[in-house]
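Scroll down for the structure; my scribbles are underneath it.
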Amino acid sequence: MNYLADEQRYTKMAYHQTGKSGLKLPPISLGLWHNFGGVDTFESSRALSRHAFDLGITHFDLANNYGPPAGSAEETFGQIMKKDLHPYRDELIIATKAGYRMWEGPYGERGSRKSMLSSLDQSLKRLGLDYVDIYYSHRFDAETPLEETMGALDQAVRQGKALYVGVSNYNAEQTEQAASILKSLGTPFVIHQVHYSMFERKLEQGLQDVLAQEGIGSIAYSPLARGLLTDRYLENIPADSRAAGGSVFLRPEDITEEKIAKSRRLNVMAQERGQSLAQMALAWVLRKGHVTSALIGASKVQQLDDNVAALNQLHFTEEELALIDQILA
């Protein structure tokens, strides 16, 4: 049976303008960093994508090396596009990135023109697409002139292989320089993907000011601190959790007593607000409209529903914000 998207999907979600561009993103976007690799069950990945779109989540975020194995998340999503989402292509914002290790040799990573454009061609082939909506430089490359990396992004747009470009994991100074170069080239630099959560606040250390000044939007990855800002680890490390599974992204030693103590206090506060800890953490990232979208991961359909429910209560009093800062201090 062919997939038909929920006809009410656009009544369920408000969309945020990305910086000063015409691009609009849902406040909650779906990241395919985990649970979409070749080691994962395809039907589960498919169900997550379909349900996300039914909820009004139109933005799907990938990178060339997402998996495992590297590249397999793009292959998986390419199959989902072919089977289910292709009729809705013009409603979707699909992003990918290049910069981290993808293949052997000197061009399998970093930000050279050769690497960035070769990687994009490979990504489009895996995705089965003619273009992506956003193409990112996944990290700053000190070994390559920034003009070369930004020039590669510019060329991707001029070739019709990307509509917009962005950067990820750049600091404030690097972002300001990138914006200046892309502005001179006339390329639509619209978004910065940044690691941001209650536990990771580098965005507030100058970068947010640069983005506002340049009219660039932002999307926060790991807004739940890879699970630490959920009820998952409040008591112990569950046997089926990412930390227990030997993940390089969250190890048992990352789950410190200090962080758990803070999470427990935040959890009490969330309950008083009528939210789960995860919902409050997402609402906090989106507070006052500073961040365009929060990028979530999910392994179960129910997690999508729970996370999107955070949008029902985004308001914080000044007293609540002060208490959160006190807990996190």
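In this text, all values refer to a predicted model and were calculated from it rather than measured experimentally. Computation of the quantities below employed the complete heavy-atom set of this structure, encompassing side-chain atoms and omitting hydrogens, waters and symmetry-equivalent molecules.
The main-chain N or O of L25 is never found under 3.5 Å from a side-chain atom of S29 such that the two would form a donor-acceptor pair. Checking side-chain atoms of Q79 against main-chain N and O of T76 turns up no donor-acceptor pair under 3.5 Å. Of the possible polar contacts, one joining the D54 side chain to the D6 backbone as a donor-acceptor pair under 3.5 Å is found. Distance alone, capped at 3.5 Å, places no donor-acceptor pair between the R89 side chain and the H86 backbone. With hydrogens and angles ignored, the 3.5 Å screen pairs no side-chain donor or acceptor of T292 with any backbone N or O of I219. Panel note: side chain R264, backbone L234; a donor-acceptor pair is recorded below 3.5 Å. Counting only distance, with no hydrogens or angles, the side chain of S197 and the backbone of F199 share a donor-acceptor pair below 3.5 Å. Side-chain atoms of E148 do not come within 3.5 Å of backbone N or O of P145 as any donor-acceptor pair. Side-chain atoms of S115 do not come within 3.5 Å of backbone N or O of S112 as any donor-acceptor pair.
Under the side-chain contact (heavy atoms from CB on, under 4.5 Å) criterion, S118 pairs with W103, K114, not counting sequence neighbours. For S119, the side-chain hydrogen bond (donor to acceptor under 3.5 Å, both in side chains) partners at least two apart in sequence or on another chain are N64. Considering only residues two or more places apart in sequence or on other chains, E173 meets the salt bridge (charged side-chain N to carboxylate O under 4.0 Å, His left out) condition with none of them. Listed by chain and number, the residues in a side-chain contact (heavy atoms from CB on, under 4.5 Å) with D141 are R110, E143, T144 (sequence neighbours excluded). Here E200 pairs with nothing under the salt bridge (charged side-chain N to carboxylate O under 4.0 Å, His left out) rule; sequence neighbours left out. Here A220 pairs with Y196, V285, V291 under the side-chain contact (heavy atoms from CB on, under 4.5 Å) rule; sequence neighbours left out. Applying the side-chain contact (heavy atoms from CB on, under 4.5 Å) test to Q303 and every residue at least two apart in sequence or in another chain returns A298, S299, K300. Among residues two or more places apart in sequence or in another chain, the side-chain hydrogen bond (donor to acceptor under 3.5 Å, both in side chains) test is passed with R273 by Q275, E320. When the salt bridge (charged side-chain N to carboxylate O under 4.0 Å, His left out) test is applied to R113, no partner is found at least two apart in sequence or on another chain.
Taking CD of E214 as the start and CG of D209 as the end, the distance is 11.5 Å to the nearest 0.5 Å. Taking CD1 from I80 and CZ from R46, the interatomic distance works out to 8.0 Å, rounded to the nearest 0.5 Å. Between atom OG1 of residue T41 and atom CG of residue L48 there is a gap of 10.5 Å, rounded to the nearest 0.5 Å. K262 NZ to E258 CD: the interatomic distance, rounded to the nearest 0.5 Å, is 4.0 Å. Going from atom CG of L282 over to atom CD1 of I28 covers 4.5 Å, rounded to the nearest 0.5 Å. Separation of atoms CD1 (I181) and OG1 (T187) is listed at 10.5 Å; rounding is to 0.5 Å.
Residues D130 and L124 form no side-chain contact, since every pair of their non-hydrogen atoms from C-beta on lies 4.5 Å or further apart. Residues V167 and M150 have side chains in contact (heavy-atom distance under 4.5 Å, counting atoms from C-beta outward).
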- Test T230 against L228 for side-chain contact (heavy atoms from CB on, under 4.5 Å), laying out the working first. CA-CA 6 Å; T230 71; L228 292 177; over 6 Å; no
- Task: Report the C-alpha separation of E204 and R287 in whole Å, then their side-chain angles, then the decisive distance to 0.1 Å, and conclude whether the salt bridge (charged side-chain N to carboxylate O under 4.0 Å, His left out) test is met.
- Result: CA-CA 13 Å; E204 300 168 12; R287 73 198 186 284; 3.3 Å; yes
- Item | Check against side-chain contact (heavy atoms from CB on, under 4.5 Å), L295 and W33 | CA-CA 10 Å; L295 192 58; W33 187 9; over 6 Å; no
- Item | Derivation of the side-chain hydrogen bond (donor to acceptor under 3.5 Å, both in side chains) call for H51 and D305 | CA-CA 9 Å; H51 192 66; D305 292 325; 2.8 Å; yes
- Verdict with reasoning, M280 to Q313, per side-chain contact (heavy atoms from CB on, under 4.5 Å): CA-CA 8 Å; M280 186 178 78; Q313 169 58 303; over 6 Å; no
- Task: Check the pair L127, L62 against side-chain contact (heavy atoms from CB on, under 4.5 Å), reporting the backbone distance first and the verdict last.
- Result: CA-CA 10 Å; L127 288 164; L62 296 125; 3.9 Å; yes
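Sorted pairs that involve residues 13-23 and meet side chain to side chain donor-acceptor pair (under 3.5 Å), not counting sequence neighbours, are lacking altogether. Here ring-ring contact (aromatic ring centres under 6.0 Å, His included) pairs that include residues 151-190, with residues two or more places apart or in two chains, are F140-Y170.
In this structure, K125 does not pair ionically with E74, as no charged nitrogen and carboxylate oxygen lie closer than 4.0 Å. Salt bridge D154/R158: present, at least one basic N to carboxylate O contact under 4.0 Å. A salt bridge links D121 to K161: one of the charged nitrogens lies within less than 4.0 Å of a carboxylate oxygen. A salt bridge is defined here as a Lys NZ or Arg NE, NH1 or NH2 lying under 4.0 Å from an Asp or Glu carboxylate O, and K97 with D61 meets this definition. For the pair R50 and D84, the salt-bridge criterion is met [side-chain N within less than 4.0 Å of a carboxylate O].
Summarising the geometry of H290 relative to S218, their closest heavy-atom pair is O-OG, 3.4 Å, with the distance given to 0.1 Å. In this structure, M116 and A152 approach most closely via the heavy-atom pair CB-CB, 3.8 Å. Residues M198 and A281 share a closest heavy-atom pair of CE-CA, 4.0 Å.
I94 and F53 fall within the same hydrophobic cluster, defined by Ile, Leu, Val, Met, Phe, Trp and Tyr side-chain heavy atoms under 4.5 Å apart, directly or through other members. Taking hydrophobic clusters as Ile, Leu, Val, Met, Phe, Trp and Tyr residues chained together by side-chain heavy-atom distances below 4.5 Å, Y135 does not share a cluster with Y100. If you chain together hydrophobic residues whose side chains sit under 4.5 Å apart, L117 and I134 never meet in one group. Hydrophobic cluster membership is shared by Y131 and Y136, with clusters built from Ile, Leu, Val, Met, Phe, Trp and Tyr side chains linked at under 4.5 angstrom. A continuous path of hydrophobic side-chain contacts links W284 to L207 [ILVMFWY only; heavy atoms under 4.5 Å].
With Y221 as the aromatic partner, R226 does not meet the cation-pi criteria of under 6.0 angstrom to the ring centre and within 45 degrees of the ring axis.
Around atom NZ of K12, more than 12 heavy atoms belonging to other residues, nucleotides or ligands sit under 6.0 Å away.
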Residues 322-329 side chain polar contacts: donor-acceptor under 3.5 Å, at least two apart:
residue	atom	partner	partner atom	Å
D325	OD1	R201	NH1	2.9
D325	OD1	R201	NH2	3.2

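Considering D306, N312, L311 in turn, L311 is the only one that fulfils the side-chain contact (heavy atoms from CB on, under 4.5 Å) rule with V308.
The ring of F36 has its center no closer than 6.0 angstrom to the ring center of F77.
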